[in-house]
Amino acid sequence: MEPLFFFSYARRDQLAGSTFVDQFFSDLKDELARLEPAVGPAGLGYRDTERLRVGDDWERQLSDNVASCRTLVALYSPAYFASPYCGKEWTAFDERMCRHQELTGRSVPALIPVLWEPLPEGLPSRVLRIQYVQRDMGEAYAAGGLRSLLRADPYGPEYLRIVRKIAERVREAAGQFLGELPKLELGAVQGCFPLSGEQPSPVRPGMVRLFVAAGRARESGGSSPDGTEPAARVPGGGWYGSQPWDWAPYHPPSVPSLVVGAQRAITRAGHITTLDEIGPGLAVDLDRARENNQVSVLLVDPWAARQEPYREALREFDDQNHPVTGVLVPAGTGDPPDGPARDRLWGGVRAVFPRNWLHRSGPEPLFRVRVTRERFESELLRTVTVAQNRLLDEVDEGEDGDPEAIRASFGLGPGARALPGLAIPARPAPRAHPGPVTATPPDDEAPSRGDSA
């Protein structure tokens with residue numbers, strides 16, 4: 001049996017708030033499972049991130065599912081209508097409905113819009129002919145979209161009421177037969193959006209300050225990933241160079257270091273980034289960044305977190321309130337397996353961050369531990385987005401300043417300034433510390449190449 005719905009959404013919405021997108025998709029499936037208990041999990045909904053596997057022909061799979069799924073749930077937002085591939089999915093499914101009506105004389109309204117965020121102006125008439133709100137969905141949904149309800153109360157009655165109505169609409173449409181679209185090739189579909197000349201804009205651009213705490217390697221016979229610095233590997237501790245930004249917890253390498261990988265991901269997402277080392281002035285630096293409408297991310301080596309000079313600065317950070325600062329603590333590929341050694345490692349991290357550790361599983365956590373290579377980039381960008389959302393919430397709730405001018409500094413709304421491109425910045429000069437964290441390989445351990453995210 002074909003899935004009840006195909007989930008069509010913009011990747012930019014996923015990057016900007018994957019917690020919300022994931023929750024809605026899961027809640028919609030749960031509600032459909034309640035309405036249609038005979039349908040198994042695989043038959044409820046299709047989403048590319050859940051079904052695609054290594055080696056799959058992704059375009060073929062998407063084409064087959066758009067051509068056969070019983071309904072299409074489209075997550076309407078400015079990002080959705082700026083996405084060429086969302087335009088292909090929407091247009092192909094609309095053509096499928098039109099073809100069915102021509103062949104049978106029956107209309108099956110199986111394209112079900114979900115208002116995720118307020119829509120842009122100038123949408124094609126073909127899109128506007130399909131109703132996307134109804135009176136009993138309420139004014140809050142019609143004005144701000146489903147994402148705003150989720151942010152206000154992730155399990156609130158207003159949000160859950162909308163999910164039920166969408167699920168009921170999917171069930172009703174899925175109960176009618178909609179003919180399949182044979183030999184669909186999404187790549188060849190001319191989508192009715194984005195509009196001619198429209199280009200997607202970066203997701204919520206702004207300044208992201210990176211701070212790193214990681215071990216160092218003393219002089220050794222090896223070299224760092226880029227061949228310029230001494231490097232060494234400590235069993236379970238990752239690959240290190242003479243500076244903390246040479247740290248590379250993952251192996252084999254794909255870019256010179258974790259920091260370089262982080263900066264590339266951040267700049268690809270349209271942000272500007274700076275780099276510094278965690279030190280005694282960390283709290284002052286974070287407060288200054290917040291005052292300047294900037295968010296910060298700490299990249300912390302779990303092996304170095306409990307050692308000086310980092311331990312004191314990180315404990316001070318944990319004792320204070322830094323609501324627009326994220327923390328990522330990677331789990332390196334060389335870390336010990338489950339057992340006493342691994343427990344001691346993460347127990348040390350927990351001892352440094354006792355308060356943040358307790359809140360690591362919240363709905364939008366800024367403290368993320370045991371981050372694997374496969375999830376590093378997505379976790380990093382998600383953390384940046386959550387921090388920026390909180391910063392903008394502060395602007396909206398504050399009594400001082402001009403909210404529109406501050407939003408414009410993010411590249412949002414009227415009067416927004418275009419952000420200049422920025423190459424990955426040069427490594428900063430190291431701060432003076434009472435003594436470096438050192439990572440010296442044992443005599444029988446040959447130096448290894450460094451690694452990256």
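- Considering only heavy atoms from C-beta on, Pro323 comes within 4.5 Å of Asn321 through its side chain.
- Judged by distance alone, with hydrogens and angles left aside, the side-chain atoms of Lys88 form a donor-acceptor pair with the main-chain N or O of Val189 at under 3.5 Å.
- Heavy atoms only, all atoms of each residue included: Ala214 and Pro244 are closest at CB-O, 3.5 Å.
- Among residues two or more places apart in sequence or in another chain, the salt bridge (charged side-chain N to carboxylate O under 4.0 Å, His left out) test is passed with Arg355 by none.
- Of all non-hydrogen atoms in Tyr310 and Ala304, the two that sit nearest each other are CD1-O, 3.8 Å.
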key: Derivation of the side chain to side chain contact (heavy atoms under 4.5 Å, CB included) call for Val297 and Phe211   = CA-CA 6 Å; Val297 176; Phe211 296 84; over 6 Å; no
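- Phe317 pairs by the ring-ring contact (aromatic ring centres under 6.0 Å, His included) definition with His322, not counting sequence neighbours.
- Inter-residue side-chain proximity for Ile130 and Pro113 is flagged as met; some heavy-atom pair is nearer than 4.5 Å.
- Residues forming a side chain to side chain donor-acceptor pair (under 3.5 Å) with Thr325 (at least two apart in sequence, or on another chain): none.
- For the pair Tyr141/Glu158, no side-chain contact is recorded, criterion being any heavy-atom separation below 4.5 Å from C-beta on.
- Once rounded to the nearest 0.5 Å, the distance linking CG of Leu62 with CG of Leu186 reads 6.5 Å.
- For Tyr9 (side chain) and Gln14 (main-chain N/O), no donor-acceptor pair under 3.5 Å exists by modelled atom type.
- Put simply, the side chain of Leu258 does not reach to within 4.5 Å of the side chain of Asp301, judged on heavy atoms.
- Other residues, nucleotides and ligands contribute more than 12 heavy atoms inside 6.0 Å of the CZ atom of Arg311.
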request  = Apply the test side chain to side chain contact (heavy atoms under 4.5 Å, CB included) to residues Leu28 and Phe5: give CA-CA distance (whole Å), side-chain angles for both, the deciding distance (0.1 Å), then the verdict.
outcome  = CA-CA 10 Å; Leu28 180 57; Phe5 71 94; 3.8 Å; yes
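- In this structure a side-chain-to-backbone donor-acceptor pair under 3.5 Å is missing from Asn356 to Phe353.
- Applying the salt bridge (Lys or Arg N to Asp or Glu O under 4.0 Å) test to pairs two or more places apart or on separate chains, those with a residue in residues 64-79 are Arg60-Asp64.
- More than 12 heavy atoms of other residues, nucleotides or ligands lie within 6.0 Å of CD in Gln320, so this atom counts as buried by the packing criterion.
- For the atom pair Thr383 OG1 and Leu381 CG, the distance stands at 8.5 Å (nearest 0.5 Å).
- Of the possible polar contacts, none joining the Lys29 side chain to the Gly45 backbone as a donor-acceptor pair under 3.5 Å is found.
- In this structure, CD1 in Ile166 is found 11.0 Å from CZ in Arg161, a value given to the nearest 0.5 Å.
- How far CG of Leu75 is from CD1 of Ile112: 13.0 Å, rounded to the nearest 0.5 Å.
- Between Leu115 and Leu146, every side-chain heavy-atom pair lies at or beyond the 4.5 Å cut-off.
- Ser68 meets the side chain to side chain contact (heavy atoms under 4.5 Å, CB included) test with Glu2, Glu180; sequence neighbours excluded.
- In this structure, the separation between OG1 on Thr273 and CD on Gln263 is 5.0 Å, given to the nearest 0.5 Å.
- Residues Leu123 and Phe81 meet the side-chain proximity criterion, which asks for heavy atoms closer than 4.5 Å.
- Residues satisfying the side chain to side chain contact (heavy atoms under 4.5 Å, CB included) test with Asp27, not counting sequence neighbours, are Gln23, Asp30, Tyr159, Val163.
- Between the side chain of Thr91 and the backbone N or O of Gly87, at least one donor-acceptor pair lies under 3.5 Å.
- For Arg169, the salt bridge (charged side-chain N to carboxylate O under 4.0 Å, His left out) partners are Glu172, not counting sequence neighbours.
- Partner Ser8 forms a side-chain hydrogen bond (donor to acceptor under 3.5 Å, both in side chains) with one of Tyr80, Tyr76, Tyr85, Tyr46 and no other, that one being Tyr80.
- Checked by atom type and distance alone, the side chain of Thr71 pairs as donor or acceptor with a backbone atom of Leu4 at under 3.5 Å.
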request  = Would you please test Tyr240 and Arg216 for side chain to side chain contact (heavy atoms under 4.5 Å, CB included) and show each step?
outcome  = CA-CA 5 Å; Tyr240 298 98; Arg216 291 175 171 83; 5.7 Å; no
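- Rounding to the nearest 0.5 angstrom, the gap separating the OH atom in Tyr155 from the CG atom in Asp153 is 10.0 Å.
- With sequence neighbours left out, the side chain to side chain donor-acceptor pair (under 3.5 Å) criterion links Asp319 to no other residue.
- With respect to the salt-bridge test (charged N to carboxylate O, under 4.0 angstrom), the residues Arg288 and Glu291 do not qualify.
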Got a list of side-chain donor-acceptor pairs under 3.5 Å for residues 336-349, not counting sequence neighbours?
residue, atom, partner, partner atom, Å
Asp338, OD1, Arg342, NE, 3.4
Arg342, NH1, Pro336, O, 3.3

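- Taking each heavy atom of Val127 and Cys192 in turn, the nearest pair found is CG2-SG, 4.1 Å.
- Taking every heavy atom of both residues into account, Leu119 and Ser77 meet most closely at CD2-N, 3.9 Å.
- Residues meeting the side chain to side chain donor-acceptor pair (under 3.5 Å) test with Tyr132, sequence neighbours left out: none.
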Stepwise side chain to side chain donor-acceptor pair (under 3.5 Å) test for Asp335 and Trp303 = CA-CA 10 Å; Asp335 287 353; Trp303 296 88; 3.1 Å; yes
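- At distances below 3.5 Å, not a single donor-acceptor pair connects side-chain atoms of Arg264 with backbone N or O atoms of Val259.
- Shown here are the salt bridge (charged side-chain N to carboxylate O under 4.0 Å, His left out) partners of Arg315, two or more places apart in sequence or in another chain: there are none.
- The side chain to side chain contact (heavy atoms under 4.5 Å, CB included) check on Glu379 picks up Leu328, Arg368, Val371, Arg375, Arg382, with sequence neighbours excluded.
- Counting heavy atoms from C-beta outward, Asp94 and Leu111 have side chains that approach closer than 4.5 Å.
- Stacking of Arg47 on the aromatic ring of Phe25 is recorded, both the 6.0 Å distance cut-off and the 45° axial limit being met.
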task = Step by step, work out the side chain to side chain contact (heavy atoms under 4.5 Å, CB included) result for Val39 and Leu32.
result = CA-CA 9 Å; Val39 178; Leu32 282 168; over 6 Å; no
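- Counting only distance, with no hydrogens or angles, the side chain of Asp318 and the backbone of Leu314 share no donor-acceptor pair below 3.5 Å.
- Smallest separation of non-hydrogen atoms from Ser257 and Trp245: OG-O, 3.0 Å.
- Using a 4.5 Å heavy-atom cutoff, the side chains of Trp90 and Phe193 are in contact.
- The shortest non-hydrogen separation linking Glu316 to Pro280 is OE1-O, 4.4 Å.
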